[in-house]
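Structure record follows, encoded as structure tokens.
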Amino acid sequence: MMQRLRHLGAIALSLLLGCNLALSQTQAQGEAQMPPGFASATAQANGTTLHYVRGGNGPPVILIHGFPQDWFEYHAIMPRLAQRFTVVALDLRGIGGSAAAASGYDAATMADDVRQLAEALKLERPYVVGHDVGGLVTYAYLRRYPQTLRGAMILDVPIPGIAGWEEAISGPGAWHVGFM
């Protein structure tokens with residue numbers, strides 16, 4: 001299990017480190033287009049500073065972006081979700097408005113980041129939605145802390161060690177993973 005999580009972390013690290021500058025530029029664009037009813041803030045979690053955007057009311061939903069996005073990936077759907085949920089879209093460590101760290105870019109550590117952010121924001125039993133790299137973080141969160149979640153959704157990413165991984169990663173559609 002730990003070897004699988006390390007593999008997830010290696011993938012996440014290569015993707016995250018390769019895009020820090022581009023993602024910071026995306027963050028700056030996102031601040032100018034904040035969805036109505038949402039506020040941008042930061043919080044301390046797991047030894048780093050995480051940026052997040054929050055709005056709405058109801059059961060909590062945490063949105064974790066993919067590659068090469070930041071929280072702004074979800075800006076179009078956030079107002080609609082906020083009609084029924086408390087929505088928190090975050091930037092993973094080292095991306096957008098979140099602080100870069102010397103280490104901790106593996107999926108398990110970033111899952112701890114998200115869990116500690118949820119605790120700091122007093123979000124009880126959130127739904128967690130992860131796309132792409134965010135899906136790997138969501139999977140690690142789900143495996144490590146299943147009792148703390150209301151539910152999880154993993155979008156557009158094969159998971160190492162789960163059926164379909166070898167086929168997905170060896171096909172021509174995954175050329176970018178080796179490139180990064």
Side-chain angles (χ1 to χ4, degrees), residues 1-17 19-20 23-24 26-27 30-31 34 38-67 69-75 78 81-82 85-155 157 159-160:
M1 175 51 118
M2 290 308 293
Q3 186 174 359
R4 288 183 191 157
L5 291 176
R6 284 189 194 106
H7 189 88
L8 291 173
I11 292 169
L13 175 61
S14 65
L15 294 173
L16 292 173
L17 293 178
C19 291
N20 197 20
L23 291 170
S24 294
T26 302
Q27 173 65 31
E31 291 294 342
M34 183 73 60
F38 282 82
S40 173
T42 60
Q44 294 297 308
N46 203 20
T48 192
T49 301
L50 296 180
H51 171 259
Y52 64 93
V53 176
R54 181 179 184 160
N57 230 341
V61 175
I62 299 173
L63 304 173
I64 308 174
H65 61 82
F67 171 80
Q69 298 92 0
D70 60 3
W71 76 266
F72 192 70
E73 171 183 354
Y74 294 105
H75 80 281
M78 289 166 59
L81 288 171
F85 300 97
T86 297
V87 178
V88 174
L90 64 96
D91 292 336
L92 291 170
R93 61 172 54 209
I95 297 179
S98 291
S103 63
Y105 292 92
D106 58 280
T109 300
M110 291 189 289
D112 286 340
D113 293 351
V114 176
R115 182 185 58 82
Q116 289 185 26
L117 177 65
E119 289 175 358
L121 300 179
K122 300 185 182 350
L123 303 175
E124 294 183 22
R125 297 202 40 187
Y127 294 101
V128 177
V129 178
H131 168 245
D132 191 63
V133 170
L136 299 175
V137 174
T138 299
Y139 181 73
Y141 191 128
L142 177 63
R143 291 296 302 230
R144 294 170 65 91
Y145 311 107
Q147 70 283 0
T148 68
L149 295 175
R150 187 177 309 257
M153 183 179 292
I154 299 169
L155 306 169
V157 66
I159 305 294

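In this structure, the side chain of Ser98 engages the main chain of His51 through a donor-acceptor pair within 3.5 Å. Not one N or O on the side chain of Arg150 forms a donor-acceptor pair closer than 3.5 Å with the backbone of Val61. Without hydrogens or angle criteria, Asp70 side chain to Gly97 main chain gives no donor-acceptor distance under 3.5 Å. No donor-acceptor pair closer than 3.5 Å links the side chain of Thr109 to the backbone N or O of Tyr105. In this structure, the side chain of His65 does not engage the main chain of Asp91 through any donor-acceptor pair within 3.5 Å.
Between Ala82 and Phe38, the shortest heavy-atom distance links the atoms CB-CZ, 3.7 Å. Residues Ser40 and Met34 share a closest heavy-atom pair of CB-CE, 3.5 Å. Here the closest heavy-atom approach between residue Ala43 and residue Leu117 is recorded as CB-CD1, 3.7 Å.
Thr49 pairs by the side-chain hydrogen bond (donor to acceptor under 3.5 Å, both in side chains) definition with Gln44, not counting sequence neighbours. For the side-chain hydrogen bond (donor to acceptor under 3.5 Å, both in side chains) test, no residue two or more places apart in sequence or in another chain qualifies with Thr86. Residues passing the ring-ring contact (aromatic ring centres under 6.0 Å, His included) test with Tyr74, sequence neighbours excluded: none.
Taken to the nearest 0.5 Å, the OG1 atom of Thr48 stands 11.0 Å off from the CG atom of Leu92. Here CG of Leu63 is found 10.5 Å from CE of Met153. Values are rounded to the nearest 0.5 Å. A distance of 4.5 Å separates CG of Asp112 from CZ of Arg144, quoted to the nearest 0.5 Å. A distance of 5.0 Å separates CG of Leu136 from CD1 of Ile159, quoted to the nearest 0.5 Å. Note: Ile64 CD1 to Gln69 CD = 13.5 Å, rounded to the nearest 0.5 Å.
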Listed pairs under 3.5 Å, donor-acceptor, residues 118-128 side chains, sequence neighbours left out:
unit_1	atom_1	unit_2	atom_2	d
Glu119	OE2	Arg115	NH1	2.8
Arg125	NH2	Leu149	O	3.0

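At a threshold of 4.5 Å between non-hydrogen side-chain atoms, the residues Val157 and Val133 do not count as touching. Between Asp113 and Leu90 the shortest side-chain heavy-atom distance does not fall below 4.5 Å.
Pairs engaging residues 52-64 under the side chain to side chain donor-acceptor pair (under 3.5 Å) rule: none recorded [sequence neighbours left out].
Note: Phe72 and His75 have parallel aromatic rings, judged against thresholds of 30 and 60 degrees for the angle between ring planes.
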